[in-house]
Amino acid sequence: VQLQASGGGLVQAGGSLRLSCAASGRTFSSYDMNWFRQAPGKEREFEAAINWSGGSTYYADSVKGRFTISRDNGKNTLSLQMNSLQPEDTAVYYCGADWQYYRSTVVAGKEGDMDYWGKGTQVTVSS
């Protein structure tokens, strides 16, 4: 699976952005998908996950209620709708694919468990 994230940009605090992650390959629908982010000087951290079918999602406390992860297996696309953005959301955002044998309930992804990564997309939130 090859992944390519897009949709980042510059937005004012309180604004919204929608990130996309386009996947190539016919096996996208078998992977749990995750969004991570890495702020300057910090480690990459988990933000949101969705299981292979889209029936289960999980969010980090820092984005719960503001971000929504979704997927369209017919279009091989993962999305992250980000609302009420704050300056602390500024980071490079990455999508990651994690094969977990069609589990029904997703949990927080671990960086070391990702099988594939997309190149990041920069999100900058100004105050």
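None of these values were measured; they are calculated from a predicted model. In this chain, residues are counted from 1 in sequence order.
Residues Asp89 and Arg66 form a side-chain contact, since some pair of their non-hydrogen atoms from C-beta on lies under 4.5 Å apart.
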Would you give me the side-chain donor-acceptor pairs under 3.5 Å for residues 12-21, sequence neighbours excluded?
{"unit_1": "Ser16", "atom_1": "OG", "unit_2": "Asn83", "atom_2": "OD1", "d": "2.9"}
{"unit_1": "Arg18", "atom_1": "NH1", "unit_2": "Gln81", "atom_2": "OE1", "d": "3.2"}

Could you list the donor-acceptor pairs under 3.5 angstrom formed by side chains in residues 106-120, with sequence neighbours left out?
{"unit_1": "Asp115", "atom_1": "OD2", "unit_2": "Trp99", "atom_2": "N", "d": "2.8"}

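The CZ atom of Arg44 lies 8.0 Å from the CZ atom of Phe36; values are rounded to the nearest 0.5 Å. For the atom pair CG of Leu80 and OG1 of Thr68, the computed distance is 8.0 Å after rounding to the nearest 0.5 Å. Of the inter-residue distances, the one linking Arg37 atom CZ with Glu45 atom CD reads 5.5 Å to the nearest 0.5 angstrom. To the nearest 0.5 Å, the span separating OG1 on Thr77 from CG on Leu3 amounts to 11.0 Å.
At distances below 3.5 Å, at least one donor-acceptor pair connects side-chain atoms of Thr90 with backbone N or O atoms of Val125. With Asn73 contributing its side chain and Ser53 its backbone, the two residues share no donor-acceptor pair below 3.5 Å.
Sparse packing is recorded around CD of Gln2, with 12 or fewer heavy atoms of other residues, nucleotides or ligands lying under 6.0 Å away. The number of heavy-atom neighbours closer than 6.0 Å to OH of Tyr59, taken from other residues, nucleotides and ligands shown, is above 12.
Taking hydrophobic clusters as Ile, Leu, Val, Met, Phe, Trp and Tyr residues chained together by side-chain heavy-atom distances below 4.5 Å, Met33 shares a cluster with Tyr93. In the hydrophobic cluster analysis, where Ile, Leu, Val, Met, Phe, Trp and Tyr join through side-chain heavy atoms closer than 4.5 angstrom, Tyr58 is grouped apart from Ile69. Phe67 and Phe46 are members of different hydrophobic clusters when ILVMFWY side chains are connected at heavy-atom separations under 4.5 Å. Connection of Tyr94 to Leu78 is not established within any shared hydrophobic cluster, with ILVMFWY side chains joined at heavy-atom distances below 4.5 Å, either directly or through further cluster members.
Annotation for Ile50 and Ser70: closest pair CD1-CA, 3.7 Å, computed over non-hydrogen atoms. The minimum heavy-atom distance between Thr105 and Ser56, with the atom names listed, is CA-OG, 3.5 Å. Among all heavy-atom pairs drawn from Phe28 and Asp72, the shortest one is CE2-O, 4.1 Å. Between Ala49 and Asn34, the shortest heavy-atom distance links the atoms CB-OD1, 3.2 Å.
Between Tyr102 and Trp52, the ring planes are perpendicular. Angles over 60° get that label, and only those under 30° would be called parallel.
Cation-pi check for Arg71 over Tyr31 is not met; the charged atom does not lie both under 6.0 angstrom from the ring centroid and within 45 degrees of its normal.
Identified under the disulfide bond (SG atoms under 2.5 Å apart) test for residues 35-86, with sequence neighbours left out: none.
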